[in-house]
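Note: hydrogens, waters and symmetry copies are ignored here, and every other heavy atom, side chains too, is used. In this text, all values refer to a predicted model and were calculated from it rather than measured experimentally. In what follows, chains are A, B, ... by sequence order, proteins preceding strands, each numbered from 1.
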Amino acid sequence: MLRMSTLLLRTLRDDPADAEVASHRLLVRAGYVRRVAAGIYSWLPLGYRTYRNVEKVVREEMDNAGFQEVHFPALLPRDPYESTNRWTEYGPDLFRLKDRKGNDYLLGPTHEEMFTLMVKGEFSSYKDLPLSIYQIQTKYRDEPRPRSGIIRGREFVMKDSYSFDIDDAGLEASYQRHREAYIKTFNRLGLKFNIVSAMSGAMGGSKSEEFLAPCPTGEDTYVLCEKCGYAANVEAMVTKVDAYKGEVPPAFEIFDSPNTPTIDSLVELVNSKFGISITGADTLKNVLLMADGKAISILVPGDREVDLKRVGANLAGVQDLRLFEDEDFAKYPGLVKGYVGPQDAAKLGITVYADPRIVIGSHWITGANERDKHARYVTHGRDFEVTAFVEAAEVKAGDPCPTCQTPVVIDRAIEIGHIFQLGRKYAQALGLTVLDQNGKAQVVTMGSYGIGVSRAVAAIAEQSHDEIGLIWPREIAPAEVHVVAAGKDESIFNFAEQLTEQLEAMGLTVLLDDRKDASPGVKFKDAELIGIPYIVIVGKSLQEGKIEFRVRSLGSKVEFATDSAVAEIIAAINN
RNA sequence: CGGGGCGUAGCGUAGUGGCUAGCGCGCCUGCUUUGGGAGCAGGAGACCGGGAGUUCGAAUCUCCCCGCCCCGACCA
């Protein structure tokens with residue numbers, strides 16, 4: 001029995017000044033967590049019970065799926081991370097430390113190496129596969145910017161799984177098993193989520209999907225087609241365009257265009273000069289970038305910005321990507337800021353990539369590579385060539401769905417899970433092979449799957465709260481029933497106590513507000529803030545033989561007779 | 001790392017050169033109160049983020065450092 005009279009808990013009447021997002025604000029106010037440093041939090045009793053409930057659901061679903069739980073240290077030696085070059089590649093996000101002998105250690109940001117090495121140490125035959133193992137472990141990443149309370153911390157708990165298979169078909173099967181286990185897990189956690197296709201990015205795999213919990217304060221942006229269900233991270237959104245069907249344009253011509261530094265001013269000048277009515281979408285923007293020290297130009301329609309995230313995710317192998325700065329222009333005197341066009345790219349020594357919208361045969365108004373001059377009828381395939389198409393332009397709400405052409409919507413979400421097919425990268429680097437039927441060594445293929453366990457607590461809070469407090473799903477709540485003794489009469493406290501014992505005897509977890517010195521108003525406010533789903537009030541109606549039953553999420557109140565209270569409460573909860 | 005904001009008691013805050021740093025919540029003692037964050041009386045609790053400087057005098061002005069929050073870049 002949890003008693004409010006002795007609980008290590010102090011709810012706050014005011015919102016903490018340093019919390020903005022709802023989950024952070026409410027978890028602090030309701031006494032679930034306290035900040036220790038940026039992105040590092042302590043859990044108080046109510047919070048830790050909630051956290052452990054989430055962990056329990058995750059663990060049960062992993063076990064149900066037949067995955068085996070293991071546990072690695074958080075404190076790890078440098079060596080395994082050298083084999084995959086991540087000691088270097090991970091950069092400043094890695095927490096590094098030295099032992100007394102001066103040897104390098106790290107706090108694990110993720111554990112691919114350790115899992116791979118564990119399997120390598122034990123198994124060596126195809127007969128041992130497939131295998132899926134997981135752990136629930138604290139991870140450390142020295143984030144450049146921790147934010148939103150426990151949504152993005154520098155210390156956080158992640159459930160990470162890895163699958164090991166002999167071939168691609170096996171990997172696909174393991175991937176699907178994880179996908180199904182994740183769907184069950186998030187459903188049990190009461191989370192609304194979308195499964196979106198994602199870029200596997202730096203991890204170097206192939207197929208990858210993210211589980212996103214929609215929420216306005218989320219930090220991931222994704223597109224969703226409400227008709228066919230297509231969903232993708234903005235980085236992974238595919239642009240669908242038709243081939244050019246217009247007429248072949250006349251030869252390109254250069255015209256004077258002084259004082260047109262912006263697309264708008266250019267459009268205005270062209271329209272009045274030629275007596276036509278084009279829009280920004282008919283102009284071609286040449287955005288210059290430095291990619292690992294190489295100058296590249298990205299072509300996008302003038303009415304769109306370049307999305308650096310998308311470019312980065314879609315340009316294979318590029319580490320450092322940034323916009324051109326004045327000193328870069330100085331190195332390429334042929335590039336006239338504001339008047340760049342793709343016609344002379346080869347001469348100027350830059351590599352040109354184009355957004356898929358710049359289809360072959362289409363013609364554009366673009367810079368003439370001379371101050372105060374633009375050109376029109378500049379035609380792709382005739383007047384300029386590109387090295388490759390790359391998804392580069394920003395995604396806008398209303399863009400056509402790549403599968404059914406319906407305008408998509410853009411929404412924000414918290415990433416709560418990520419599954420992907422890693423392939424053989426780690427197994428190769430660490431030498432994980434097994435012998436096949438023919439006695440030949442085969443490199444194992446792996447999948448990697450993560451759930452942010454501590455983050456899920458915050459994600460649930462984000463999706464399930466109102467102005468006055470938290471509203472937990474039953475399975476996650478720190479207790480299932482909150483019994484409030486509201487009054488001063490001894491009989492009220494006695495009955496509340498008895499009722500609590502009876503409910504517990506029926507298998508329910510109960511938080512009893514048995515504080516003698518708190519007024520009913522305080523107890524009601526606290527109960528609403530704490531957010532246990534069912535609230536039972538033992539108070540003034542006790543003398544009429546009644547207690548009150550409330551459902552936090554509905555704000556509903558009904559009275560039950562005291563002698564049938566336990567049965568009625570249980571019936572109401574299980575209804 | 002770029003831009004913005006902030007740091008005064010456990011929490012929320014007032015105080016912009018003047019002597020004793022104020023208020024509300026919370027906490028302690030006593031009395032009264034008990035269905036929507038009770039009342040009265042008394043009390044504890046602050047190296048005003050740290051350091052250096054300017055000044056007769058600094059929470060207040062200057063410089064440096066530290067910490068925290070938000071936007072961006074980057075990332076689960």
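Counting heavy atoms from C-beta on, the side chains of A:Glu113 and A:Tyr426 come closer than 4.5 Å. In this structure the side chain of A:Ser454 reaches within 4.5 angstrom of the side chain of A:Trp43, judged on heavy atoms.
Side-chain N/O atoms of A:Asp526 and base N/O atoms of B:G37 include a donor-acceptor pair closer than 3.5 Å.
Under 4.0 angstrom from either OP1 or OP2 of B:G24 there lies no side-chain N or O belonging to A:Arg13. Side-chain nitrogen and oxygen atoms of A:Ser519 include none within less than 4.0 Å of the OP1 or OP2 phosphate oxygen of B:G37. Applying the 4.0 Å criterion to OP1 and OP2 of B:G37, one finds that A:Lys525 has every side-chain N and O outside that range.
Residue A:Arg550 is classed as a base contact, given a heavy-atom separation below 4.0 Å to a base. No contact: A:Ile492 has no heavy atom under 4.0 Å from any strand. Using a 4.0 Å heavy-atom distance criterion, A:Ile416 is classed as making no nucleic acid contact. Backbone-only engagement by A:Arg10 is indicated by non-hydrogen atom pairs under 4.0 Å involving sugar-phosphate atoms exclusively. Residue-level contact check: A:Lys523 touches neither bases nor backbone, having no heavy atom under 4.0 Å from any strand. If you check every strand for non-hydrogen atoms under 4.0 Å, A:Arg35 touches sugar and phosphate atoms only.
Comparing B:G35, B:A73, B:C68 by their closest approach to the side chain of A:Pro144 singles out B:A73.
The nucleotide B:C68 finds its pairing partner in B:G5, both defining distances of the Watson-Crick or G-U wobble pair being shorter than 3.5 Å.
Aromatic pair A:Tyr162/A:Tyr134: centroids not less than 6.0 angstrom apart.
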